[in-house]
K.L.:
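Next up is a structure, given as structure tokens.
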Amino acid sequence: MKKQLTEILHNSLSTCLADGLISSKEIPLFFLEIPKDKGHGDFATNIAMVLASLEKKSPRAIAELIANNIQDPGGIVERVEIAGPGFINFFIKTEHWLDCLQTIGEQGSSYGRINPEIKKRVQIEFVSANPTGPLHIGHGRGAVIGDTLANILETVGYEVVREYYINDTGNQINTLGKSVFIRYQQLFGIKCKFPDEYYQGEYIFELAREIRETYDDHYLKNEGGESIPFFSSYASRRVLENIKLDLKAFGVRFDNWFSEKDLFENKEVQKVIEDFTAKGHFYRKDGALWFKSSDLGDDKDRVVIKGDGTTTYFASDIAYHKNKYERGFDQVIDIWGADHHGYIPRMKAVIQAMGKKQEAFRVLLVQLVNLLRGGKPIAMSTREGKYVTLHEVVAEVGKDAARYSLLLRRSDSHLDFDLELAKEKSENNPVYYVQYAHARICSIIREAKKQHLEVPSFKNIDAHLLTLPEELELIKQLAAFPGMVKGSADSLEPHRITFFLNQLASKFHSYYNKHRVISQDNQALSCCRLYLISAIRIVINKGLNLLGVGSPASM
RNA sequence: GCGCCUGUAGCUCAGCUGGAUAGAGCAACGGACUUCUAAUCCGUAGGUCGCAGGUUCGAAUCCUGCCAGGCGUGCCA
């Protein structure tokens, strides 16, 4: 629809140009959008205003020229108005909206899907929490955003690979092993001090008990730290298993689990170091190897090999991202916690050093989550191992409410997550508001069936009976769905889906309360309305699917 | 000190990449269930878009300077 109008506009501009009515060959960026105010038409453009300064004419005069030269071979435009300082407002024929309605019924669950001839390949990496402890609500937010974004990108025609990067080597895994080892020793009555910086949680005790049950005291002797590698790999493997279970219960799916350890075993870290050194991106100073990131937009250079000869986390990251592009992705999206934002410039420097375009790498930052209960913050301390896990949150409030609540805000704004509110089955909880609309529609359709009325196909209804302003409003909203999804994909903003669904549900609830779908004395009208609400159901279902939230048929 | 994010109704937040009279939900107040699900709807009230300048036909949105909060600024991950 928007595409057609844009075409119409461009044609009009070319005509004006050919007739010498305007002189600008270059058309500046302009918008064509759905105005907030219904009185301003179905679509509005500011093109005359942006041309005004170039043409040195008044915006309204230019608007006249463009409007007068509009040809509309498809016959979708009802009328064109020039308004305000020089907006051109388009009013679309009802006929065209009814066509949109038909499309929804015909396409069903594939409505809104874009199928390009060549699919771009995009990788989206998210969560990637270290396997040193259970996931918390902050990871959960990153998980839902990543998962939902992947769904959205698939819908608009990308081939998407979802990936989790496992930091299964290095210091923190070593510390994990030592933490479990000390608890293991303590189980045998050996008195030893547990350092503050070690992992404190209850799960460390559980892992120690597990090992004692299976292996008894076999690993108790630890001369020169010989037992630690076992504890490290055992513990990180078990923690990761639990992470996988938690994510699965949360409806988050991954295609690929990428191990950092593999990068070392396949010598990829080594290779990329040699490669970058050869290309002059690395240099030696003070016994360490540095990346010249300050040449590429970062504010200082970064160490990749420390003075003691070990590599930094950053070195693995360089190798990892090189690996991503070698797998042929057109675009790589990383979803990080906002506390990693200082990392972006150096990563962008890496991308540049690899000769990739800036657009090939995008980072989406996800802000922290404040967990509340009844309006009061829940005290958490990672250091003391006292925190509410994602597993506990999902178990308490359920997958649907948890996911929806985490998708309610823009990802770069702080989010308050109230456990009581998310659990409440009431008007305070937006998930139920949308799901209820879906259930209601299903209920009406069931009721219709009892009266031997099935949802008809479009050709069997007289759609012109849908004359109420509320009905036209609903149809327009449904027609806006594909564009909204596209916008959500382009801007990496999954929260747009939740806002759209809330709005659609609101319009439906309002319509429902005012008008009856099934009327005894008018079967033709009943059929039309059944078709309409069925289309609403399709779109709500589609939207909730994108969010990974269920669409119940009854509540 | 420097860098990034945030600041919009009493509270929690949208605002579609600069558009027309700034919008929702909650909380408050008043209404609607013998009728397809009241987990719903209708109505009332609520604003110096942190402050001050600037850019232009036009600014919550862009630029500069302040103010406030959060985060970052490791040869940690």
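What's counted below: heavy atoms across the whole structure, side chains too, no hydrogens, waters or symmetry copies. In what follows, chains carry the letters A, B, and so on, assigned in the order in which the sequence lines appear, proteins first and then strands, with residues in each chain numbered from 1.
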K.L.:
Can you figure out which of C57(B), C16(B), C76(B) approaches the side chain of K306(A) most closely?
P.N.:
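Closest nucleotide to the K306(A) side chain: C76(B).
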K.L.:
Taking only the side-chain heavy atoms of D412(A) (C-beta and beyond), determine which of C41(B), G19(B), U6(B) contains the nearest atom.
P.N.:
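Between C41(B), G19(B), U6(B), the one nearest the side chain of D412(A) would be U6(B).
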K.L.:
Is A52(A) touching bases, backbone alone, or none of the nucleic acid, heavy atoms closer than 4.0 Å?
P.N.:
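If one applies the 4.0 Å heavy-atom cut-off, A52(A) turns out to touch nothing in the nucleic acid.
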K.L.:
Of the options G72(B), U6(B), A20(B), whose atoms approach the side-chain atoms of R410(A) most closely?
P.N.:
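Minimum distance to the R410(A) side chain belongs to U6(B).
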K.L.:
Could a donor-acceptor pair under 3.5 angstrom be found where the side chain of N174(A) meets the base of A77(B)?
P.N.:
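Check fails, no donor-acceptor contact within cut-off.
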K.L.:
Below 3.5 Å, can you tabulate the donor-acceptor pairs from side chains in residues 473-482 of chain A to any protein atom, sequence neighbours excluded?
P.N.:
residue : atom : partner : partner atom : Å
K476(A) : NZ   : D42(A)  : OD1          : 2.6
Q477(A) : OE1  : K507(A) : NZ           : 2.6

K.L.:
With sugar-phosphate meaning primed atoms plus P, OP1 and OP2, does D301(A) contact a base, only sugar-phosphate, or nothing at under 4.0 Å between heavy atoms?
P.N.:
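The residue D301(A) makes no contact with any strand.
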K.L.:
Using the P atom in both, what is the distance from C49(B) to U34(B), to the nearest Å?
P.N.:
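46 Å, rounded to whole Å.
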K.L.:
With a distance cut-off below 6.0 Å to the six-membered ring centre and an angular limit of 45° from the axis, does R302(A) pair with F291(A) as a cation-pi contact?
P.N.:
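No cation-pi geometry.
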K.L.:
Tell me which nucleotide among G19(B), U12(B), A20(B) gets nearest to the side chain of H40(A).
P.N.:
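For the H40(A) side chain, the nearest candidate turns out to be A20(B).
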K.L.:
Heavy atoms from C-beta onward define the side chain here; which of U40(B), C76(B), C57(B) lies closest to that of N171(A)?
P.N.:
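For N171(A), the side-chain atoms sit closest to C76(B).
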K.L.:
From G15(B), U37(B), G70(B), pick the nucleotide closest to the side chain of Y436(A)?
P.N.:
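The answer is U37(B), which lies nearest to the side chain.
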K.L.:
Within the pair S413(A) and A14(B), is there a side-chain N or O less than 4.0 Å away from OP1 or OP2?
P.N.:
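Yes, S413(A) has a side-chain N/O under 4.0 Å of OP1/OP2 on A14(B).
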K.L.:
Considering only A20(B), G72(B), A77(B), which nucleotide approaches the side chain of Y343(A) most closely?
P.N.:
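For the Y343(A) side chain, the nearest candidate turns out to be A77(B).
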K.L.:
Can you tell which of C57(B), C16(B), C13(B) lies closest to the side chain of E33(A)?
P.N.:
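Within the option list, the nearest is C16(B).
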K.L.:
What integer number of Å spans the C1' atoms of U12(B) and G7(B)?
P.N.:
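Between the two C1' atoms, the distance is 14 Å.
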K.L.:
Does K449(A) have more than 12 heavy atoms from other residues, nucleotides or ligands lying within 6.0 Å of its NZ?
P.N.:
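Result for NZ/K449(A): open.
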K.L.:
Please list, in numerical order, the residues of residues 489-526 of chain A that have a heavy atom closer than 4.0 Å to any atom of RNA chain B.
P.N.:
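The answer is H495(A), R496(A), F499(A), H509(A), S510(A), Y512(A), N513(A), H515(A), R516(A), V517(A), I518(A).
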K.L.:
Whether R302(A) contacts G74(B) is assessed here as follows: a side-chain N or O lying under 4.0 Å from the phosphate OP1 or OP2. Is that the case?
P.N.:
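Answer no for this pair, as no side-chain N or O of R302(A) is under 4.0 Å from OP1 or OP2.
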K.L.:
Kindly point out which of C5(B), C36(B), C13(B) is positioned nearest to the side chain of Q367(A)?
P.N.:
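Out of C5(B), C36(B), C13(B), the nucleotide with an atom closest to Q367(A)'s side chain is C5(B).
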K.L.:
NA contact type, D308(A), heavy-atom cut-off 4.0 Å: base, sugar-phosphate, or nothing?
P.N.:
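Result for D308(A) = nothing.
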K.L.:
Quick one: is K285(A) getting a side-chain N or O under 4.0 Å of the C75(B) phosphate, OP1 or OP2?
P.N.:
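So the side-chain polar atoms of K285(A) never come under 4.0 Å of the phosphate oxygens OP1 or OP2 of C75(B).
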K.L.:
Select one nucleotide: of G72(B), A20(B), C13(B), the one nearest the side-chain heavy atoms of H341(A).
P.N.:
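Nearest nucleotide to the side chain: G72(B).
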K.L.:
Using the P atom as the point on both nucleotides, what is the distance between C62(B) and U44(B), in whole Å?
P.N.:
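Pairwise P distance, U44(B) against C62(B), rounds to 34 Å.
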K.L.:
So what does the secondary structure string of RNA chain B come out as, 5' to 3', with Watson-Crick or wobble pairs under 3.5 angstrom, [ ] for crossing and | for pairs with another strand?
P.N.:
(((((((..((((.....[...)))).(((((.......))))).....(((((..]....))))))))))))....
